[in-house]
Each structure stands twice: as structure tokens, then as C-alpha cells.
Asker: 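Structure below; questions to follow.
In each ligand, atom 1 is the first atom listed, and ligand 1 is the first ligand listed.
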Amino acid sequence: MPEQNTSESIFGQMNAFGHQKIVFCNDPDSGLKAIIAIHDTTLGPALGGTRMWAYKTEADALNDVLRLSKSMTYKAAVAGLNLGGGKAVIIGDARKDKTEALLRKFGRFIKNLNGEFITAEDVGTNPRDMEFIRMETQYVMGVPETIGGSGDPSPITAQGVFMGIKAAVKELYGNDTLAGRSVVVQGIGHVGENLTRLLRDENAMVYVSDINEERTVQVAKKYGAKAVSNNTIFDIDADIYSPCALGATINEQTINKLKFAIIAGSANNQLEDEYIHGRMLLEQGVLFAPDYVINAGGVINCYSELMGFSKKRTLQLTENIYEATRNVLKLSKAENISTIEAANKIAEKRISDIKKVKSTY
Ligand code: NAD
């Protein structure tokens, strides 16, 4: 058989992203069509959420799972966790196609991996779905607290983002006090609302914005923040922009409009193009706290559940995000590279160091 290792072939894509294993899960009876991607297990079992999404094509689903699982490897590495990176996608509409049978069948595929992959909730899945998966396998985190899980990770994620914001403020202004600093929080969902509370507790001036205008007004009132319209946020003169809604908000259309000194939020993949926009922010003197470094609270929460850590230990690990962010920002400055390149370098070094440790007796 001729060797086919182009960027379109599956093995070619695995090589390009550096993946170890892909599992295609197919079950016509329940309608399950899922892909589990295990990127790298040097540091520990691959942990990552299961996303359910109505992908237009199977190629789109594969591309998404490869991209997301790789970023989980980097997130766990920088957070100092003994976890590798993985992710799963279920192809389908979460509102119509999700059934107990489908989720339990998916759980059996995870069970057969014997702990090499551990999952949790993501877009299109929720703690109730994790309960169905748990009926078939123990390798699922983020189940409700009532059945021994760690519950909603959002308050922990918000705490981590808050530590990341403080680290960036320290880098830029010499101290990390937030009183008097102004922050635009875009997306007042689970993470955004908790973050707003933490910022207001430190007397930061907070602007909140969401596509759900009613909710924006409610949250603003509850915490003493200022409600702003979503399409005017780039006109606001604030110190910090905290994207907590969707990714790719730093793109060709927005990057030249930015007036903020710092970007630090929970949304995944905030830069439309990691390399190009990371460099542009460096040149513009905008301090970008890399998303996967400061939004690691969710994965820390799952790791704690896996290890049986107390809430206190979970919080300690989350507070380490301050130091992790400081290290990234220092390396970026020392080597004049973008902050995302600095974070990637730190992640890759830890993985390669531990690989050597594990290869010796
Ligand atoms: P969520 O769905 O609870 O909240 C998202 C909010 O953003 C919603 O209120 C929604 O109305 C709003 N929104 C959607 N599109 C918007 C737009 N274009 N402009 C303004 N607001 C918009 O989600 P969440 O759990 O709070 O997560 C927020 C982000 O953080 C997501 O990107 C998620 O992937 C990421 N993240 C979350 C966690 C976690 O623990 N929840 C962990 C890591 C990363």
C-alpha cells in the first residue's frame, strides 16, 4: 500500500499535531459516532472534556478533537499537573440526539481504554450526562457533588482567571492590587459572573456585557458593575479586557482597535491565529495572559476529583496560576517572544524533561 502521510491523511494529521492515538467509536444501535483523541500521556492519563456538536463534516469533527486535545496537553503541563491531554467529540445535536443509551455506550468505549483517557463535561454535555457515563466507567470527572464528584468547575475557573489577571497587573504596574483598575468582562455566564464578583470584592471597576441583555443588567445590579452593550466594548477605555464568552475575539477586525493594556479571560483560543496575533499583541505592547494558562481551574478541579484532594488543596493548586502566569510573562519579556510562545515553550520543556525521567530507571 502506498504511504499516505499528507496533511489530509489521518496519520498525517496525527503527525502534524503530535498525537499518540485516536479511537473512532461507532454504534449504529444508539446512533453514537464519536472520536476520542489522545494527544500525549507523558505526564499522566489524558484528561479532557467530551464535546457534543453537530459538525458539518466528519473532517471538521476530527480537526476539532485534534486541536482541542493538544491544547489540553499544554494546559495540564503548564499547570504542573500529572495529566496528559485528550478530548472527545460526539457528532450530533445535543438537544435532539443525546440519549442515555448513546452516553452509556460512549462510556463503554472509555472503559475499554482502561484509564488512558478520562473525560468530563464540555460544550453540549453536562453533569447529568457525566452521570450516565459514570454508570459504565469510573474514568469520568465533573459528576455532581451529590454523587461524590467535584460539581460545577466554574467558580474555580474564575478564581484561576482572577489570579492570572493579578499576575498580569503585577507585571505591568509593579503591584497586583486591583482597586481602581478597570476591567471589561465579556460574557457573564458561569465563569464571567464569578469573576465579576471576585473583581468587585477587590474594588475593581467592572464593565459587564453579554448577548443576553437582561442578564447583563441583572448581574451589573447585583455586583455594582456597569452594564455595557456588547458591540461597544472595544470603545471602552479600560485597563483589562476579559473575554469570558467565545474564542477568536482577537482577530483581524479587532486587533488594531484594542485600547486595553491587558487581555486576560477564560474563553479558550482567544487569538484567532495564535502565532500572528500573539506577535501583533507583543508589538503593540498589549499584555496577553495566555488563555490556557489562566483558565486551567476547570482541569485542576477534575484533577482534584481524580486524586481525591480537598477543596483547600484545589484552591491552592488554582492559586499557583499566579506564579505560572508570572513565569510565562517573564520568559516572554526575556526572550522577546509572544506570551503564547512562551507558554508553549514552558509546557514543551516540562514534557520533555519528564519524558527523560521516565525513560531512565
Ligand atoms: P457559559 O455558557 O455559562 O457563559 C457564556 C456566556 O457568554 C453566556 O452568558 C452567553 O450568553 C455569553 N455569550 C455568548 N456569545 C457571546 C458574545 N458574542 N458576546 C458576549 N457574550 C456572549 O460558559 P462558561 O462556563 O461561563 O464559560 C465561558 C468561557 O470560558 C467559554 O469559552 C468556556 O469554554 C471557557 N472555559 C470555561 C471553563 C469552566 O469551568 N466553565 C473552564 C475553562 C474554559
Asker: Would you find more than 12 non-hydrogen atoms of other residues, nucleotides or ligands less than 6.0 Å from Met205 atom CE?
Answerer: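 12 or below, so no.
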
Asker: Quick check: Asn212 and ligand 1, any N/O pair under 3.5 Å apart?
Answerer: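 No - when backbone and side-chain N and O of Asn212 are compared with those of ligand 1, no distance drops under 3.5 Å.
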
Asker: Could you name the option among Ser266, Ala245, Ala120 that has the heavy atom nearest to atom 32 (O) of ligand 1?
Answerer: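 Considering heavy atoms of Ser266, Ala245, Ala120, the nearest to atom 32 (O) of ligand 1 sits in Ala245.
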
Asker: Can Tyr223 and Glu193 be counted as having a side-chain donor-acceptor contact under 3.5 angstrom?
Answerer: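 Checked: Tyr223/Glu193 side chains pair up, N/O donor to acceptor below 3.5 Å.
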
Asker: For Val191, which part has a heavy atom under 4.0 Å from ligand 1: side chain, backbone, both, or neither?
Answerer: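 Both backbone and side chain.
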
Asker: Does one side chain, of Ser209 or Asn230, offer a donor that lies under 3.5 Å from an acceptor on the other?
Answerer: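 On atom types as modelled, these side chains qualify, holding a pair under 3.5 Å.
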
Asker: Quick one: do the Asp122 and Thr125 side chains pair a donor with an acceptor below 3.5 Å?
Answerer: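 Checked: Asp122/Thr125 side chains show no N/O donor-acceptor pair below 3.5 Å.
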
Asker: Given the rule in the salt bridge (Lys or Arg N to Asp or Glu O under 4.0 Å) test, do Glu341 and Arg279 qualify, once you have shown the distances and angles that lead to the verdict?
Answerer: CA-CA 9 Å; Glu341 288 171 287; Arg279 285 274 161 154; 3.0 Å; yes

Asker: Only heavy atoms of Asn230, strictly under 4.0 Å: list the atoms of ligand 1 that pass.
Answerer: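 Matching atoms, with element in brackets: 17 (C), 18 (N), 19 (N), 20 (C).
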
Asker: Would you mind finding which of Leu195, Ile211, Asn268, Asn295 brings a heavy atom closest to atom 13 (N) of ligand 1?
Answerer: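 Comparing heavy atoms across Leu195, Ile211, Asn268, Asn295, the nearest one to atom 13 (N) of ligand 1 lies in Ile211.
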
Asker: Among all the protein's heavy atoms, is there at least one whose distance to atom 19 (N) of ligand 1 comes out below 4.0 Å?
Answerer: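 There is a protein heavy atom less than 4.0 Å from atom 19 (N) of ligand 1.
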
Asker: Using a 4.0 Å heavy-atom threshold (strictly under), name the region of Cys244 that reaches ligand 1: side chain, backbone, both or neither.
Answerer: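 The part of Cys244 near ligand 1 is the backbone, not the side chain.
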
Asker: Starting from atom 39 (C) of ligand 1, which protein heavy atom do you reach first, and at what distance in Å?
Answerer: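 For atom 39 (C) of ligand 1, the nearest protein heavy atom comes out as Thr157 OG1, 3.5 Å.
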
Asker: Which atoms of ligand 1 have any heavy atom of Ser154 under 4.0 Å away?
Answerer: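 In order of number, 40 (O), 41 (N).
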
Asker: For a quick check under 3.5 Å, do Asp235 and Thr232 share a side-chain donor-acceptor pair by atom type?
Answerer: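 Looking only at side-chain atoms, Thr232 and Asp235 do not form any donor-acceptor pair under 3.5 Å.
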
Asker: Does the plane of the ring in Phe260 sit parallel, tilted or perpendicular to the ring in Tyr241? Use 30° and 60° as the thresholds.
Answerer: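 If you compare the ring of Phe260 with that of Tyr241, the planes turn out parallel.
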
Asker: Ignoring hydrogens, what is the shortest heavy-atom contact between Ile38 and Ala46? Give both atom names and the distance.
Answerer: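 Shortest heavy-atom separation between Ile38 and Ala46 comes out as CG2-CB, 3.9 Å.
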
Asker: Compare Asp210, Ile156, Ile188 and give the one whose heavy atom is closest to atom 12 (C) of ligand 1.
Answerer: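 Considering heavy atoms of Asp210, Ile156, Ile188, the nearest to atom 12 (C) of ligand 1 sits in Asp210.
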
Asker: For ligand 1 and Leu246, I'd like to know whether there is a polar contact (N/O to N/O, distance under 3.5 Å).
Answerer: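 The answer is no, given that Leu246 and ligand 1 share no N or O pair closer than 3.5 Å.
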
Asker: For Lys75, is at least one N or O under 3.5 Å away from an N or O on ligand 1?
Answerer: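 No: no nitrogen or oxygen of Lys75 is under 3.5 Å from one in ligand 1.
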
Asker: With a 4.0 Å cut-off, strictly under, does atom 34 (O) of ligand 1 pick up any protein heavy atom?
Answerer: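 Under the 4.0 Å cut-off, atom 34 (O) of ligand 1 does have protein heavy-atom neighbours.
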
